[in-house]
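Here is the structure we will look at, set down as structure tokens.
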Amino acid sequence: MIAVADARARILAQVERATAPETRPLRSALGRVLACDVRAPFDVPPADNSAVDGYAVRAADLRPGGSARFRVVGDLPAGGVFAGAIARGEALRIMTGAPMPPGADTVVPKELAVEAPGEVELRAVDAGANVRARGEDVRAGEVVLRAGAVLRPQDLGLLASLGFPETRVHRPPRVALLSTGDEVVEPGRPRRPGQIYDANRFSLAAMTEAAGAEALDLGIVPDVEDLLRARLADAAGQADVVLTSGGVSVGDYDLVKRVLAQLGGIEFWQVAMQPGRPLAVGRIGAAQFFGLPGNPVASMLCFHLFVRPTLWKLGGRSRLDPECLTARAVEPMRKKAGRREFKRGVLRFTERGFEVSTTGPQGSGILSSMVAANCLIILEEPRGDVEPGEPVLVEPL
Ligand code: AMP
Ligand code: MG
């Protein structure tokens with residue numbers, strides 16, 4: 001038996017380097033992982049500018065508690081630059097975003113102005129009010145985004161504001177997916193007695209894509225030794241990671257396990273977890289291999305715990321840990337000490353804080369428990385049965 005944390009650490013240690021960087025236009029970089037630090041090439045904003053529509057003046061000319069009369073020397077739209085400078089008693093009509101004219105240090109919003117031809121009467125505001133300072137958002141040379149960050153909409157906006165039309169990101173890892181088992185059939189085909197439709201390839205392909213990787217669907221392999229060997233070799237030749245589901249437990253017909261054992265470099269682990277347990281890991285050629293359990297919940301959970309961080313690391317991501325929180329259990333939960341258990345849970349925020357219950361029956365073949373869940377309830381190894389009211393660790397899904 002191997003603990004979940006040890007299994008994860010050993011698997012991640014196998015990932016030596018991330019996929020190569022490539023250049024992408026910003027419009028197709030959402031969710032991609034930045035391959036290098038990005039520094040601001042100039043101050044943002046590049047000049048002091050007005051935060052409102054109003055009048056740029058010298059604060060010293062305003063009359064505190066009252067209003068003062070100014071001569072209007074010009075009209076500056078956003079995008080324009082005022083050629084002169086503001087002298088004593090002068091005001092420049094200015095639009096939001098337009099650069100501050102030399103001499104002026106304050107903008108009086110137009111709501112505080114009474115306009116007359118060639119003149120304006122302005123109420124007082126604090127010195128420096130309504131001016132956005134050069135560099136107040138970002139300073140030239142500052143690192144604005146770090147390598148390993150997953151690009152979000154606001155990051156793309158920032159890159160664009162710095163004048164970059166494209167960015168350097170890692171190539172998404174390629175994942176070849178195979179389902180194994182004579183009983184497994186493709187959805188849409190007729191299903192004979194004793195057969196089940198393939199669920200795993202679809203949930204695992206979707207999890208692969210949700211992890212920012214590319215899924216190569218290589219279909220179903222029947223339990224035929226030569227076929228399986230050939231399909232695995234083919235998969236390893238075209239992907240960074242090969243994923244199979246099924247055939248890694250101890251049943252007589254689990255020839256997946258036998259074929260993998262012949263390949264060498266693959267270990268069979270019993271992970272101290274529920275659901276999950278049997279897991280094959282190692283390499284086939286240059287590809288990293290995972291043989292996930294066949295039960296649909298177990299295969300999804302093993303993907304979540306072991307494959308996803310591998311894909312993240314391979315894809316250059318710097319943050320590999322999930323976000324967890326603590327919630328109060330509202331029902332008793334059976335738990336066997338010595339292994340880590342993952343219950344499918346429903347997390348709610350109430351006036352008493354976060355509360356969590358299970359989704360009901362927790363069998364590792366009960367895929368509807370994943371459908372009903374919005375979180376995993378993580379019960380650590382030393383823990384025994386959980387009583388209502390006890391705090392438990394929760395990972396929102
Ligand atoms: P195995 O690990 O091959 O012994 O499979 C364990 C259980 O998972 C069996 O009930 C299989 O029928 C089921 N199973 C295996 N592969 C899949 C799949 N791709 N989709 C849904 N269930 C599967
Ligand atoms: Mg099988």
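All ligand and atom numbering here is 1-based and tracks the order in the structure.
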Worksheet entry | Linked, directly or transitively: Leu145 and Leu30 (ILVMFWY side chains, under 4.5 Å) | yes
Worksheet item: Short list, please: which atoms of ligand 1 are under 4.0 Å from a heavy atom of Ile196?
Response: 12 (O), 14 (N), 21 (C), 22 (N), 23 (C)
Worksheet item: Do Arg10 and Glu267 sit within salt-bridge range, that is, some charged N less than 4.0 Å from a carboxylate O?
Response: yes
Item to complete: Mind checking whether Ile220 contacts ligand 1 via backbone (N, CA, C, O), side chain (CB onward), both or neither, at a 4.0 Å heavy-atom cut-off?
Response: neither
Worksheet item: Just which atoms of ligand 1 are under 4.0 Å from any heavy atom in Ser179?
Response: 19 (N)
Worksheet entry | Mode of Glu183 contact toward ligand 1 - side chain, backbone, both, neither (heavy atoms, under 4.0 Å) | side chain
Fill in: Side chain, backbone, both or neither: Val184 near ligand 1, heavy atoms under 4.0 Å
side chain
Discussion item. Heavy-atom count check: over 12 atoms from other residues, nucleotides or ligands less than 6.0 Å from Glu111 CD?
Written reply: yes
Practice prompt. Provide, to 0.1 Å, the distance between atom 7 (C) of ligand 1 and the closest protein heavy atom, together with that atom's residue and name.
Written response: Asn295 OD1, 3.4 Å
Worksheet item: Salt bridge or not for Asp217 and Arg201, using N-O below 4.0 Å?
Response: yes
Discussion item. Quick test: of every protein heavy atom, which one is nearest to atom 1 (P) of ligand 1, and how far off is it to 0.1 Å?
Written reply: Gly247 N, 3.5 Å
Fill in: atom 17 (C) of ligand 1: the protein heavy-atom neighbour that sits closest, reported with distance to 0.1 Å
Asn200 ND2, 3.3 Å
Item to complete: Would you mind checking if Arg134 and Asp48 are paired as a salt bridge, meaning a charged N to carboxylate O distance below 4.0 Å?
Response: no
Worksheet item: Under a 4.0 Å N-O cut-off, is there an ion pair linking Arg334 with Asp385?
Response: yes
Discussion item. Quick check: Ala199 and ligand 1, any N/O pair under 3.5 Å apart?
Written reply: yes
Discussion item. Same cluster or not: Ile284 versus Leu218, using hydrophobic residues (I, L, V, M, F, W, Y) connected whenever any side-chain heavy atoms lie under 4.5 Å apart?
Written reply: yes
Worksheet item: Any cation-pi pair here, Lys110 with Tyr55, using under 6.0 Å and within 45°?
Response: no
Worksheet item: How far is atom 4 (O) of ligand 1 from its nearest protein heavy atom, and which residue and atom is that?
Response: Ser249 OG, 3.4 Å
Worksheet item: If you measure every N/O of Asp198 against every N/O of ligand 1, is any gap under 3.5 Å?
Response: yes
Fill in: Nitrogen or oxygen of Gly294 less than 3.5 angstrom from that of ligand 1
yes
Worksheet item: Can a donor-acceptor pair be found between the side chains of Glu166 and Thr23 at a distance below 3.5 Å?
Response: no
Discussion item. Can you confirm, on distance only, whether ligand 1 has an N/O atom lying under 3.5 Å from any N/O atom belonging to Gly246?
Written reply: no
